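This report concerns only the one structure given below.
As the structure is a prediction and not an experimental result, all values here were calculated from the model. FYI, side chains are in, hydrogens and waters are out, and symmetry mates aren't considered; it's all heavy atoms of this structure. The residues of the chain are indexed from 1 along the displayed sequence.
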Amino acid sequence: MTIRQLSDRAINQIAAGEVIERPASVVKELVENALDAGATRIEVATAAGGKTLLRVSDDGSGMTRADLALAVERHCTSKLREDDLFDIRSLGFRGEALPSIGAVSRLTLTSRHADEPHAWQIAVEGGAKEEPRPASRTAGTQVEVRDLFFATPARLKFLKSDRAEAGAIADVVKRLALAHPHVRFELGGTDRQTVTYAAASGETAHKARVAQVIGAEFVENALTIDALREGVRMTGLAGLPTFHRANTLSQYFFVNGRPVRDKLLMSALRGAYADVLARDRHPVVVLFIDLDPRLVDVNVHPAKADVRFRDAQLVRGLVVGGLKQAFTAAGYRASSHNASAALSVLGRSVAGGPQQQAGTVARPYPPASAPMQHDWQASAFRPLDAGAMASGAPSGPEAGTAMPVPAAVGLAEEQAVMDRLDAPSADARAHEETVPDDRERRPLGAARAQIHETYIIAQTETGLVIVDQHAAHERLVYERLKEALGRREVPRQGLLIPEVVELPEEDVARLTERAEELEAVGLVLEAFGPGAVAVRETPALLGQIDIKGLVRDLADDLAEWDKATRVRERLDHVAATMACHGSVRAGRRMRPAEMDALLRDMEATPLSGQCNHGRPTWIELKLSDIERLFGRK
C-alpha cells in the first residue's frame with residue numbers, strides 16, 4: 001500500500017462533507033461570519049430551498065483585497081488569537097467554511113472595507129479560484145452561492161425536498177436571530193415569503209425578539225430565568241409547564257451566543273420538567289448559557305452544533321435548579337393559553353348555536369310577533385296558530401307527541417314571572433350574618449359553586465376561575481410528600497439476603513464513590529469484589545423492585561451524566577402515585593369551606609397550576625371576555 005498526499009481539491013471536498021451538510025449549513029456559516037464582522041443588518045435570499053441560490057448580504061466591516069484573497073484559502077481565519085483554540089470568542093473559527101463551500105459550488109464573494117476606495121470581488125468554482133477584481137458595492141460583504149454540490153452531485157441525492165430545505169434554512173435564521181436581537185434579519189427569495197425580524201434595543205430586546213420569532217403568546221406564558229452558579233449564568237425564558245408542544249423544535253439553547261442542540265442541556269431540561277409535564281409533551285424554552293470560553297470546548301463538532309463543558313455537572317445542576325426555582329416562584333400560576341382555548345370553544349359554540357343530531361332539520365325561529373308556547377317534551381319554543389290557542393291543543397308536526405299543557409294557564413304563569421323580572425333583586429344572603437369578605441381580591445377568588453361534583457367555580461374581581469378539584473388536590477398532596485421526603489432520610493428496608501449485582505469494574509467504582517449520595521435516598525450498597533456490588537437496603541416506598549435493573553440504570557446514569565438520579569425519580573413517581581390515590585376524587589361533593597380552603601392552599605403551594613401529569617388545575621375567564629361572548633362589548 002502506497003501512501004500519497006491528497007490534492008487540495010479533494011481535501012476541500014472532504015472538508016465540505018464535514019462542514020457543509022445541506023444548504024442550511026451554508027447559511028449558518030455565512031450568517032455567523034456576518035455577525036462576527038459586526039453587521040447590524042443581514043439579508044438572506046434563497047431559491048429552490050438553497051440548492052440553486054444562496055445569497056447573504058450584510059453591512060459589516062468588510063474585507064480588503066488581501067483579506068479577500070486569503071478568505072477562500074484553507075485554514076485562514078481572523079477569529080483566533082495566537083492560535084488559542086481554548087479561548088474562542090466568536091461564532092466562526094474553523095477557517096474551512098468559505099473554501100469548503102467554494103469546493104462544491106459556484107461561489108462569488110464581494111466585499112468592501114472602509115479603507116478601500118471600492119469593493120473587490122473573487123470567484124471560486126469547484127475549488128478553482130480567480131484573482132480578486134474591482135467591483136461595485138457599498139460597505140459590507142455579499143456572499144453568493146449558486147448550484148450547491150454541483151461538483152459533488154452524489155450529495156444532491158441526499159438532500160430533501162425544496163420545501164424541507166427551505167424550512168431548515170428558516171430554522172437556522174430563527175436561532176441566530178434569537179441570539180442577536182440588536183441585528184435586523186431579513187429572509188426572502190423566490191421559494192418563500194419575505195420574513196423580517198426588526199432590530200430591538202434596550203432591556204426588553206430579547207423579549208421583543210422572542211415575541212417576533214416564537215410568538216407573543218409564549219412570552220405571556222413564560223417565566224423569566226436568571227440564575228448564577230460558580231461563574232456560569234443562565235438567562236432567558238422558560239414556558240410554564242402548562243404551555244407545551246408535541247415536539248422539541250421550540251427548544252432553543254445558546255452557549256456564549258452560539259446556537260447548540262446539546263444532549264446534556266436537553267437532558268437537564270427533561271429533568272427540570274420531569275414532574276410537572278406529561279411524558280408525551282415538551283416544554284418551550286429560550287435559554288442562554290454564558291461562561292468563560294475556556295470552560296467550554298466548541299470545537300468537538302464540525303458544524304459546531306454540540307459543545308463539551310469542562311464541568312458538565314455544574315451546568316446540568318444550574319439548568320435543573322434554575323428552572324425548578326423559577327417554577328416554585330411562579331406558585332399557582334398557569335398558562336393563559338388554556339383560557340384562550342376555552343374561550344375559543346365557547347365562541348364557536350355561541351356562533352354555531354345548539355348542536356343538532358344527525359338527520360334532523362333545523363326549525364326557523366318564529367317571528368317576534370308570534371305568541372309562544374313551551375314544548376315541555378322537545379324543550380323548544382314554537383308559534384301557535386289561532387285555532388290551537390283557542391282549543392289549547394298543541395299544533396305543528398309534533399302535535400301527536402307533545403305533552404298536553406293548557407295554553408292559557410301556561411302563558412299566564414310565564415307572563416306573571418316575566419312581569420316581575422324588572423323588580424329589584426332580593427338579597428339571597430339576607431338571612432346570613434354579614435361579614436367582610438375579601439376573598440374575591442385573592443388570586444383564585446372566592447368559591448361560589450361546585451358543578452358535577454368535579455369543578456369549583458370561584459369569583460374574582462375581574463372574572464371567574466374554574467378549578468379541577470382532583471387535579472388541584474393531587475398537586476398539593478404530591479408537594480407535601482416531596483417536602484416530607486426532603487426533610488428527613490428516606491425510610492429503608494433491609495434485605496434478608498443482600499442482592500449481588502455483577503458490573504464492569506469502572507461501574508462498580510462509580511457506584512461506590514457515590515455510596516453516601518445513594519444512601520441518602522434509601523439505597524445502601526457496597527463493593528463486592530472487583531466486579532460486583534452488594535445491595536443491602538432499598539427505599540421502603542419502592543416496595544418490591546427489580547434491584548439489578550435499578551443498579552444498572554444508576555451505573556449508566558453515572559457513566560453518562562456523572563449523577564445518579566434514578567432512585568430519586570422513582571421515589572418521586574411513587575409519591576405522585578400516592579398523591580393521585582390520596583387526593584380528593586372527582587364526584588365528591590365539597591362544602592363551601594372546603595372549596596375555599598383548597599383555593600387558599602393552591603395559592604400558597606408551588607407548582608399548583610398543573611397536576612402531576614402536566615394538566616392544568618385551573619382556568620381563569622376574564623369578565624371582559626365573557627361579556628364579548630354575549631355581545632355586551
Side-chain angles (χ1 to χ4, degrees), residues 220-221 223 240-243 275-278 324 326-343 345-346 427-429 432-484 575-576 578-627:
E220 295 171 359
N221 294 281
L223 304 173
L240 289 165
T242 48
F243 187 89
D275 62 348
V276 293
L277 195 65
K324 284 186 174 292
F327 298 155
T328 301
Y332 60 88
R333 184 181 170 190
S335 169
S336 63
H337 173 75
N338 302 308
S340 301
L343 288 169
V345 172
L346 290 172
D427 187 357
R429 298 177 298 176
E432 299 179 1
E433 182 181 356
T434 303
V435 295
D437 186 2
D438 62 346
R439 292 173 298 169
E440 291 185 10
R441 292 194 289 271
R442 301 295 295 268
L444 296 183
R448 295 301 186 213
Q450 182 190 29
I451 59 175
H452 294 287
E453 287 76 41
T454 303
Y455 303 101
I456 298 171
I457 307 298
Q459 179 178 331
T460 66
E461 288 185 315
T462 59
L464 62 88
V465 171
I466 306 173
V467 178
D468 184 334
Q469 66 189 41
H470 172 66
H473 196 243
E474 181 180 356
R475 168 57 68 178
L476 300 179
V477 175
Y478 179 46
E479 291 301 321
R480 292 194 188 103
L481 284 173
K482 289 201 302 182
E483 184 180 359
M578 293 170 62
C580 184
H581 291 279
S583 58
V584 59
R585 310 299 297 179
R588 178 188 181 278
R589 184 167 297 176
M590 300 178 67
R591 295 190 300 273
E594 293 176 324
M595 292 188 286
D596 269 317
L598 181 64
L599 297 179
R600 303 292 81 81
D601 280 351
M602 290 175 64
E603 293 169 351
T605 303
L607 307 173
S608 61
Q610 58 280 322
C611 74
N612 310 341
H613 313 292
R615 296 190 298 268
T617 59
W618 62 277
I619 295 174
E620 181 180 15
L621 303 180
K622 296 294 185 181
L623 185 59
S624 57
D625 294 327
I626 299 173
E627 289 175 339

For V465 and I619, what are the C-alpha separation, side-chain angles and deciding distance, and is it a side chain to side chain contact (heavy atoms under 4.5 Å, CB included)?
CA-CA 6 Å; V465 171; I619 295 174; over 6 Å; no

With sequence neighbours left out, the residues meeting side-chain contact (heavy atoms from CB on, under 4.5 Å) with T462 are T460, E620, K622

State, with a plain yes or no, whether a side-chain heavy atom of R475 is found less than 4.5 Å away from one of R615.
no

Can you list every pair that meets salt bridge (Lys or Arg N to Asp or Glu O under 4.0 Å) and has a residue in residues 454-464, with sequence neighbours left out?
none

Distance col, row I451:CD1 vs I457:CD1, nearest 0.5 angstrom, shows 4.0 Å

Who passes side-chain contact (heavy atoms from CB on, under 4.5 Å) against L464, sequence neighbours left out?
I466, L621, I626

May I ask you to test the H473-L598 pair for a side-chain heavy-atom distance under 4.5 Å?
yes

Starting from the C-alpha separation in whole Å, work towards a yes-or-no answer on side chain to side chain contact (heavy atoms under 4.5 Å, CB included) for V467 and T617.
CA-CA 6 Å; V467 178; T617 59; 5.5 Å; no

Minimum heavy-atom separation for Y455 and D468, please, with both atom names.
CD2-CA, 4.0 Å

Using the salt bridge (Lys or Arg N to Asp or Glu O under 4.0 Å) criterion, which residues pair with D596? Sequence neighbours excluded.
R439, R600

All heavy atoms of W618 vs all of S608, minimum pair found to be CD1-O, 4.3 Å

Working note: L599 + R442, criterion side chain to side chain contact (heavy atoms under 4.5 Å, CB included); need CA distance, chi angles, decisive distance, verdict.
CA-CA 9 Å; L599 297 179; R442 301 295 295 268; over 6 Å; no

Using side-chain heavy atoms (C-beta onward) and a distance below 4.5 Å, is Q610 in contact with P616?
no

How far does CZ of R448 sit from CD of Q450, to the nearest 0.5 angstrom?
15.5 Å

Whether the side chain of T605 engages the backbone of M602 through a donor-acceptor N/O pair (distance < 3.5 Å, no angle test) should be reported.
no

Only counting residues at least two apart or in another chain, list the ones meeting side-chain contact (heavy atoms from CB on, under 4.5 Å) with R591.
E594

A side-chain contact here means heavy atoms from C-beta on lying under 4.5 Å apart; do M595 and Q469 qualify?
no

Look up atom CG in D601 and atom CD in E479, then write down how far apart they are to the nearest 0.5 Å.
12.5 Å

A330 and L240: which non-hydrogen atoms are nearest, and at how many Å?
CB-CD2, 4.5 Å

If every non-hydrogen atom of A471 is compared with every non-hydrogen atom of C611, which pair is closest and at what distance?
O-CB, 3.7 Å

